Amino acid sequence: MTDTATVAPRARRRSTSMLRRRPFFTLGLAVALAFALAAIFAPYVAPYDPTFQDIEFMMTGPGAQHWLGTDSYGQDILSRIIFGARYALAIGLCSVAIGALGGLVIGLAAGLSDGLVEWLLMRLIDSILAMPSLIMAVAFIAILGQGVDKVIIAVGIAMIGPFARTVRADVMQVRVQLFVEAAGLMGVARLRIIWRHILPNVVYPLAVQVTIRISEAILVSSSLSFLGIGVTPPTPDWGLMIAEGRGFVSFAAWMSGMPGAALAILLIALSLVGDGIREEFDPKLRDGA
């Protein structure tokens, strides 16, 4: 029996070793945590109310009073970026959770089924994968309407396909393993086999995929707001801020440049974190190394 007192130090040593061996992962993690902390403590970090409009400082460039300048309504861009991190991370995490849960259910069913049921589920997965996530999200937004909650649902549904495909592929590999066939020959109930043997071997790779897909979900949600069909004003959403400032980019580039830079930095940081976790914990990559 493994002593729990030795497991915790071993896990800490492994995480510390990972931080040292993967400097880009460490840098991305630090930046992502900085955005997360800014989002959590936004009311205490932001210098102004994100929706406060000051007509005396409309379209003011970066300076001592407004570090990143103001927009056409006199709203402080830094404050809107900080509060916008809340919406970006919330939409990314919640939509990925919806996509992962839906993909897990459909992928399990498709991997364990045969005949007509498998064919129908595979056609459903193929229909979702046939269109890019952004186009699929636009279609669902047209049905559901605008708003933060609608964007979360639309992006989440659009991401079910990739997760379902990953889960089905893992289920197809696990179901033919000897220990699964032995459990079936011993008369173990099918639901118990799924719960004890198949699901644990599927959830772990799925969790790795979740960390990779968060940046994609944030990018899709920001694109919806940029197109004017996502989050509605005056919500401090980065995509919406970029869209609002594009008409003034020739003489007030900070209006679109600052939120665009924040979005790019966060996406790069999350991508570095996701790639590091995938390279460290993905069994397929570890076996091939």
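Treat the numbers as computed from the prediction; the structure is a model and nothing was measured.
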- Work out which heavy atom in Ser95 is nearest to a heavy atom in Gly92; give both atom names and the distance. OG-O, 3.2 Å

- Are Met241 and Ile77 side-chain neighbours, meaning at least one heavy-atom pair lies under 4.5 Å? yes

- Heavy atoms only: give me the nearest Ser79-Tyr48 pair and the separation to one decimal. OG-N, 3.0 Å

- Message: Testing the basics here: between Ser223 and Leu134, what is the closest heavy-atom pair and its distance to 0.1 Å?
- Response: CB-CD1, 3.7 Å

- Item | CA sep, side-chain torsions, deciding dist, call: Val231, Ile91, side-chain contact (heavy atoms from CB on, under 4.5 Å) | CA-CA 10 Å; Val231 178; Ile91 292 174; 4.3 Å; yes

- Do the side chains of Leu129 and Val210 join up, straight or via other hydrophobic residues, at under 4.5 Å, putting them in one cluster? no

- Item | Arg86 side chain vs Ile40 backbone, donor-acceptor pair below 3.5 Å | yes

- Determine whether Val151 and Leu89 fall in the same hydrophobic cluster, where Ile, Leu, Val, Met, Phe, Trp and Tyr are linked whenever their side-chain heavy atoms lie under 4.5 Å apart. yes

- Note on the structure: Residue pairs passing the side chain to side chain donor-acceptor pair (under 3.5 Å) test with at least one member in residues 237-256, sequence neighbours excluded, are Ser225-Asp237

- Can you check side-chain contact (heavy atoms from CB on, under 4.5 Å) on Thr235 and Tyr87, steps first, answer last? CA-CA 9 Å; Thr235 305; Tyr87 292 94; 3.6 Å; yes

- Indicate yes or no: at least one non-hydrogen side-chain atom of Ile153 is less than 4.5 angstrom from one of Phe140. no

- Message: Side chains of Val96 and Phe163, heavy atoms from C-beta outward: is any pair under 4.5 Å?
- Response: yes

- Would you please test Leu266 and Phe35 for side-chain contact (heavy atoms from CB on, under 4.5 Å) and show each step? CA-CA 7 Å; Leu266 179 59; Phe35 274 95; 3.9 Å; yes

- Output for pair (Arg168 CZ, Leu121 CG), nearest 0.5 Å, gives 9.5 Å

- Just how far is it from atom CD1 of Ile198 to atom CG of Leu108, taken to the nearest 0.5 Å? 7.5 Å

- Query: Taking the side chain as C-beta and beyond, is there a heavy-atom pair between Pro47 and Asp76 under 4.5 Å?
  - Reply: yes

- Would you say the side chains of Glu216 and Ser133 form a donor-acceptor pair under 3.5 Å? yes

- Closest heavy-atom contact between Ala137 and Leu224? CB-CD1, 3.9 Å

- Item | Hydrophobic cluster identity match, Phe57 and Leu68, side-chain contacts under 4.5 Å | no

- Query: Is the backbone of Ser72 close enough, under 3.5 Å, to the side chain of Gln53 for a donor and an acceptor to pair up by distance?
  - Reply: no

- Message: Take a 6.0 Å sphere around CZ of Phe251 and say whether it holds more than 12 heavy atoms from other residues, nucleotides or ligands.
- Response: yes

- Nearest 0.5 Å, what's the CE-CD1 distance between Met258 and Ile81? 7.5 Å

- Message: When you measure from the side chain of Thr211 to the backbone of Val208, do you find a donor-acceptor pair of N or O atoms at a distance under 3.5 Å?
- Response: yes

- Note on the structure: When rounded to the nearest 0.5 Å, the distance separating CG of Leu267 from CD1 of Ile214 is 11.5 Å

- Task: Flag yes if Ile242 and Met59 sit in one hydrophobic cluster, no otherwise; membership is Ile, Leu, Val, Met, Phe, Trp, Tyr, and two members link when side-chain heavy atoms are under 4.5 Å apart.
- Result: yes

- Decide yes or no for Ile265 and Val31: does some side-chain heavy atom of the first lie under 4.5 Å from some side-chain heavy atom of the second? yes

- Item | Non-hydrogen side-chain atoms of Thr166 and Leu206 separated by less than 4.5 Å | no

- Could you give me the CA-CA distance, side-chain angles and deciding distance for Asp54 and Gln75, then say whether side-chain contact (heavy atoms from CB on, under 4.5 Å) is met? CA-CA 6 Å; Asp54 190 347; Gln75 300 172 123; over 6 Å; no

- Task: Kindly give the heavy-atom pair with the smallest separation between Ile277 and Phe25, and that separation in Å.
- Result: CG1-CE1, 3.8 Å

- Item | CD1-OG distance between Ile106 and Ser113, expressed to the nearest 0.5 angstrom | 11.5 Å

- Taking side chain as C-beta onward, heavy atoms only, is Asp170 less than 4.5 Å from Asn201? no

- For the atom pair CZ (Arg80) and OH (Tyr73), what is the distance rounded to the nearest 0.5 Å? 9.5 Å

- Task: Kindly work out whether a path of hydrophobic side-chain contacts (I/L/V/M/F/W/Y, heavy atoms less than 4.5 Å apart) joins Trp67 to Leu263.
- Result: yes

- Message: For a quick test of reading the model, state the closest non-hydrogen atom pair linking Ala154 to Leu144 and the distance between them.
- Response: N-CD1, 4.2 Å

- Item | Met58 side chain near Thr70 side chain, heavy-atom distance below 4.5 Å | no

